[in-house]
2 protein chains.
Amino acid sequence: MDALEAIRGRGLRLTPQRRLVYAALEEHVGHATADQLCSAISLKVPGFQRTTVYRTLDLLVELGLARRVQLGHASAYEAVRDGSDLHQHLVCEVCGSTTDIRVPQLLEGVRTATAQIGFDLEQVELVGHGRCRPCASARSLA
Amino acid sequence: MDALEAIRGRGLRLTPQRRLVYAALEEHVGHATADQLCSAISLKVPGFQRTTVYRTLDLLVELGLARRVQLGHASAYEAVRDGSDLHQHLVCEVCGSTTDIRVPQLLEGVRTATAQIGFDLEQVELVGHGRCRPCASARSLA
DNA sequence: TTATATGCAAAGCCTTTGCAGAATT
DNA sequence: AATTCTGCAAAGGCTTTGCATATAA
């Protein structure tokens with residue numbers, strides 16, 4: 001909950017709603033869509049607004065407390081934990097599941113390429129598409 | 001135009017509309033949104049339907065004649081040229097421009113990581129966010 | 001001739017915006 | 001007390017779908 005103090009540090013307000021969104025994000029395993037978070041919170045606080053979730057997520061991303069991942073058309077979010085847990089995402093085209101992977105030297109490689117053209121890199125997002133192990137196995141049996 | 005014969009190869013029909021969409025995609029420099037393509041085609045064929053553009057793009061992607069790139073919320077498309085011109089994209093957060101980059105060994109790195117977990121990788125999409133050279137310069141002056 | 005594709009209209013997601021009332025500092 | 005936030009409703013992009021008509025093969 002300490003992380004949220006960053007909100008006050010910005011001169012903004014630490015409201016119950018913001019706590020709820022951040023808590024839901026931390027509790028959620030893997031990535032969560034705004035809608036999933038809203039549903040989860042609604043169990044405790046009926047009528048919780050999607051609008052508020054979106055606004056809060058924007059704020060959390062801006063503060064570096066959450067990361068936004070573009071999976072397909074919709075955005076997914078995940079809490080940024082301590083220690084740079086930089087990872088990328090794999091999406092299974094068959095079952096839609098997502099998996100985390102770490103690609104060593106990815107950042108270095110991209111930095112080298114961007115440095116050459118004077119692009120000031122802030123974030124790298126990589127999404128791989130294919131078939132997860134279970135779905136790949138199922139296919140090879142067919 | 002040979003590439004389009006792949007459509008017939010699938011037992012599907014090579015219509016004037018499909019030719020138009022593919023031609024527009026090839027002529028377009030850089031990435032094109034469905035809407036941009038539709039506008040371009042509409043200059044020659046007034047009233048050309050966005051619906052048709054979307055349906056055709058889906059088909060072209062499926063046939064490997066086009067590549068879909070998720071830039072922000074909207075999709076952008078580019079023709080797949082001969083010779084693997086695999087590249088990735090940088091998006092400037094200030095002016096919204098996109099730039100192509102090539103990241104050597106990117107594919108190898110990702111393949112290594114996916115092979116370890118048995119994920120059958122088909123495509124890799126990387127998007128970098130930051131500031132393009134002009135915008136970065138403008139900022140450092142401020 | 002027969003299945004496929006297009007045009008059009010409508011609906012569907014996901015997300016953002018405007019504004020009045022509520023709540024934090 | 002002053003400013004920021006929330007809830008609600010509405011609109012806004014982008015994309016998909018349904019169905020009758022037109023068209024490629």
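By convention in this document, chain letters (A, B, ...) are assigned in the order of the sequence lines, proteins followed by strands, and residues within each chain are numbered from 1.
- In the hydrophobic cluster analysis, where Ile, Leu, Val, Met, Phe, Trp and Tyr join through side-chain heavy atoms closer than 4.5 angstrom, B/Leu12 is grouped together with B/Leu25.
- Distance from the side chain of A/Tyr54 is smallest for C/dT16 among the nucleotides C/dT24, C/dT16, D/dT15.
- Going from atom CZ of B/Arg10 over to atom C1' of D/dA25 covers 18 Å, rounded to whole Å.
- The listed nucleotides are C/dA3, D/dT6, D/dT16; the one nearest the side chain of B/Arg13 is C/dA3.
- The pair A/Arg68-A/Glu78 fails the salt-bridge criterion, with no side-chain N (NZ, NE, NH1 or NH2) lying under 4.0 Å from an Asp/Glu carboxylate O.
- Note on B/Arg18: a side-chain N or O is less than 4.0 Å away from OP1 or OP2 of C/dA5.
- The side chain of B/Arg55 places no N or O atom within less than 4.0 Å of a non-bridging phosphate oxygen (OP1 or OP2) of C/dT6.
- Rounded to whole Å, atom P of C/dT16 lies 13 Å from atom CG of A/Leu59.
- B/Ser75 comes within 4.0 angstrom of sugar-phosphate atoms only, judged by non-hydrogen atoms across all strands, and of no base.
- Put simply, CZ on A/Arg8 is 16 Å from P on D/dT4, counting in whole angstrom units.
- For A/Thr15 and D/dT6, the shortest distance from a side-chain N or O to OP1 or OP2 is below 4.0 Å.
- The CG-C1' distance, from B/Leu20 to C/dT6, rounds to 13 Å in whole Å.
- Counting any heavy atom pair closer than 4.0 Å across all strands shown, B/Thr52 reaches sugar-phosphate atoms only and no base atom.
- Atom pair B/Gln36:CD and D/dG13:C1' shows a separation of 14 Å (rounding to whole Å applied).
- We find that CZ of B/Arg50 is positioned 12 Å from P of C/dC8, with the value rounded to whole Å.
- Separating the CD atom of A/Gln49 from the P atom of C/dT15 is a distance of 16 Å, rounded to the nearest angstrom.
- Of the candidates D/dT6, D/dT16, C/dG7, the closest approach to any side-chain atom of A/His73 belongs to D/dT16.
- Between the CG atom of B/Asp58 and the P atom of D/dT17 there is a distance of 9 Å, given to the nearest Å.
- Across all strands, A/Gly47 comes closer than 4.0 Å only to sugar-phosphate atoms, never to a base (heavy-atom distances).
- Classification of the B/His89-B/His31 ring pair by plane angle, with boundaries at 30° and 60°, yields perpendicular.
- Under the 3.5 Å distance criterion, the side-chain polar atoms of A/Glu125 are matched with a main-chain donor or acceptor of A/Gln70.
- Under the 3.5 Å distance criterion, with hydrogens and angles disregarded, a donor-acceptor pair is assigned to the side chains of A/His129 and A/Glu93.
- If you find the closest nucleotide of DNA chain D to B/Leu12 and to B/Thr51, the one lying nearer the 5' end belongs to B/Thr51.
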